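Bear in mind the structure is a predicted one, so any value in this text is a computation, not a measurement. Each chain gets a letter, A, B and so on, in the order its sequence line appears, and its residues count up from 1.
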2 protein chains.
Amino acid sequence: MDFNQDKHMGSVPEQRFLPHIAYDSVIFGFSGEQLKILIMEYHNTGMFALPGGFVRVDEPLNDAVRRGLRERTGLDNIYLEQFYTFGSLERYQPEVMETILQANGFAVDDFRWMLDRFISVAYYALINYNKVNAQPDALSDSIKWYPLNDLPPLILDHADIVAKAHRTLQENLERKLVGMNLLPSRFTMKELQKVYEAILGTPLRRTTFQRKMLSLGILKRHEKRYSGKAHKAPYLYSFEGE
Amino acid sequence: MDFNQDKHMGSVPEQRFLPHIAYDSVIFGFSGEQLKILIMEYHNTGMFALPGGFVRVDEPLNDAVRRGLRERTGLDNIYLEQFYTFGSLERYQPEVMETILQANGFAVDDFRWMLDRFISVAYYALINYNKVNAQPDALSDSIKWYPLNDLPPLILDHADIVAKAHRTLQENLERKLVGMNLLPSRFTMKELQKVYEAILGTPLRRTTFQRKMLSLGILKRHEKRYSGKAHKAPYLYSFEGE
DNA sequence: TACTATTGTCTCATTATGTGACAATAGCAA
DNA sequence: TTGCTATTGTCACATAATGAGACAATAGTA
């Protein structure tokens with residue numbers, strides 16, 4: 001989360017946030033043949049959470065999320081999709097935020113609004129793992145990649161949010177041709193296949209996968225990539241239009 | 001929208017709402033071989049809008065929507081799906097709500113919170129047209145069915161909401177096997193096909209459709225329905241499990 | 001030059017879908 | 001009763017998509 005550390009926050013219009021409304025982002029990256037997401041750890045609490053934030057009173061919701069992503073990853077023009085808004089009562093646990101504020105030396109009274117009930121609009125983002133320069137926010141001392149199947153325990157309903165993000169990503173994989181957003185602009189067919197396998201959680205048949213991808217007509221073939229290994233070198237591809 | 005008409009609303013805890021947060025519902029029904037949705041018209045304004053409402057401070061978001069649907073349609077246990085949360089600045093038009101309040105004889109000062117910026121969580125519902133007993137809310141004098149392709153001009157971004165609801169419904173049609181929710185519990189294959197055609201907006205091939213539906217193994221075949229017409233009578237089907 | 005791992009492509013089998021044919025009605029008219 | 005018509009359920013065949021394996025073409029190493 002990001003918010004003005006000035007105790008008199010309310011006095012700066014651009015820094016006033018809509019109460020009760022937050023967003024959380026599940027930021028997917030791909031590395032070591034695994035799907036990973038960015039998780040923040042709050043100072044001195046051992047608590048882990050998705051990167052999220054608040055919406056300024058004069059700011060479009062989607063802009064708020066892009067702003068947060070830029071601050072957290074240094075990246076612009078990210079593939080981003082809103083997938084669900086979480087509004088159960090179980091996610092209302094003021095003790096959690098209180099602990100976090102106290103551990104950071106903030107006077108709880110000055111941030112009482114953060115202890116309120118929040119409804120959170122959740123987004124997932126797909127980014128090129130190698131381009132990220134992850135930056136923690138004011139309350140957290142780290143933001144790190146964790147494999148999707150080996151996450152630390154997350155606060156509130158963040159584990160549900162991650163699960164739903166993953167499910168939505170699986171459903172959208174073919175329909176929105178989304179796999180290439182997790183790779184650098186040039187990639188081999190095998191790399192693309194590994195991305196699909198990581199997202200779906202099942203192995204795919206090499207020949208069928210290659211035929212299918214090529215038949216879509218959205219890949220442009222470039223030169224080969226010589227890896228130095230003792231075998232035929234694969235072609236590099238890019239997503240049509242890059 | 002539904003809210004306590006007592007001017008001292010804030011004093012009744014169950015009737016206090018989360019500020020800045022609303023929901024809107026696109027309620028689909030099927031009649032006359034057409035997709036229709038429920039639209040409300042506000043008293044003395046000529047303004048049309050989707051049925052919506054607010055979330056009580058101690059109420060889960062999804063419950064709030066189901067409550068609103070029950071009040072508006074008299075139905076319980078409705079097929080309901082959240083599909084997007086709208087948070088642009090274009091949807092902030094305090095004049096609109098002000099006009100509506102004034103036209104209903106409410107003192108605007110007592111409902112100033114309704115003139116604020118709202119983020120709206122949008123849901124679509126699929127219901128059996130014939131079971132609905134539509135009830136207008138405190139501000140509107142009618143709630144009526146309109147064919148999807150012949151809607152009155154809607155306030156704010158409600159036309160966008162409807163368009164996105166329709167798109168999402170189309171995408172979910174096969175994946176979630178959702179068509180039967182628009183029909184009575186027993187229906188003919190032709191009726192089901194008409195629903196699919198209305199949702200997708202394209203004609204479907206009778207034999208292929210029938211084969212596909214039967215192969216899914218989710219339909220139970222019952223007795224025939226004799227319509228009095230001079231031709232072979234079709235079987236009735238139900239969704240497996242009813 | 002032989003050998004290995006990997007890649008690109010082809011072939012054939014299997015499954016799904018498009019397209020039309022056809023027999024089986026249910027009521028009506030003769 | 002016997003045709004007649006519109007509609008339904010099912011089948012048959014053609015076409016398209018996918019599963020599954022075979023195989024030749026490398027890029028390096030031994």
- Message: Regarding A/R221, tell me which of base, sugar-phosphate or nothing describes its non-hydrogen contacts under 4.0 Å with the strands shown.
- Response: sugar-phosphate
- Query: Axis-to-axis angle across the helix from C/dT1-D/dA30 to C/dA30-D/dT1, five pairs an end, to 10 degrees?
  - Reply: 20°
- Message: Using OP1 and OP2 only, check whether a side-chain N or O of B/K190 sits under 4.0 Å from D/dT7.
- Response: no
- Message: Please compare A/K212 and B/L214 by the position of their nearest nucleotide in DNA chain D and report the one closer to 5'.
- Response: B/L214
- Quickly work out the B/M213 CE to D/dG9 P distance and round it to whole Å. 14 Å
- When rounded to whole Å, the CZ to C1' distance for the pair B/F209 and D/dT10 reads 17 Å
- Message: In the structure I gave you, are the side-chain heavy atoms of B/M180 and B/L219 within less than 4.5 Å of one another anywhere?
- Response: yes
- Distance-only donor-acceptor check, side chains B/Y92 and B/E90, under 3.5 Å: no
- A/K190 and A/E197 ion-paired at < 4.0 Å: no
- Task: Provide, to the nearest angstrom, the distance between the OH atom belonging to A/Y237 and the P atom belonging to C/dT7.
- Result: 11 Å
- Note on the structure: When rounded to whole Å, the CD to P distance for the pair A/Q210 and D/dT18 reads 15 Å
- Would B/Y196 and B/F209 count as a close aromatic pair, with their ring centres under 6.0 Å? yes
- Item | salt bridge (Lys or Arg N to Asp or Glu O under 4.0 Å) evaluation trace for A/E191 with A/R225 | CA-CA 12 Å; A/E191 287 167 344; A/R225 176 202 280 165; 2.9 Å; yes
- Task: Round to the nearest Å and state the distance from A/L192 atom CG to C/dT7 atom C1'.
- Result: 15 Å
- Task: Between A/M189 and B/T208, just flag the one whose closest nucleotide in DNA chain C comes earlier from the 5' side.
- Result: A/M189
What pairs of nitrogen or oxygen atoms, one from the protein and one from nucleotides 12-15 of chain D, lie under 3.5 Å apart?
none

- Query: Can we say A/K144 and A/E41 salt-bridge, meaning some charged N sits less than 4.0 Å from an Asp/Glu carboxylate O?
  - Reply: no
- Measure from the ring center of A/Y237 to the ring center of A/F187 and say whether it is less than 6.0 Å. no
- Item | Value in whole Å for how far the P atom of D/dT7 lies from CD of B/E191 | 14 Å
- Message: Using a 4.0 Å heavy-atom cut-off to protein, can you give one letter per nucleotide of nucleotides 20-28 of chain C, 5' to 3': B if the base is in contact, S if only the sugar-phosphate is, - if neither?
- Response: BB--BBBB-
- Is any NZ, NE, NH1 or NH2 atom of the basic residue among A/K212 and A/E174 found under 4.0 Å from an Asp or Glu carboxylate oxygen of the other? no
- Taking CG from A/L219 and C1' from C/dG8, how many angstroms apart are they, rounded to a whole number? 14 Å
- Message: Measuring centre to centre across the rings, with the benzene-like ring taken for any Trp, is A/F118 within less than 6.0 Å of A/F54?
- Response: yes
- Item | Residues A/R186 and A/E223 bridged, charged N to O under 4.0 Å | yes
- Task: Assert yes or no for the condition that the ring centre distance of A/F30 to A/F28 is strictly below 6.0 Å.
- Result: no
- Task: Find out whether the Lys NZ or Arg CZ of B/R221 is both under 6.0 angstrom from the six-membered ring centre of B/Y235 and within 45° of the ring's axis.
- Result: yes
- Could you state the CZ-C1' distance from B/R225 to D/dT7, rounded to the nearest angstrom? 14 Å
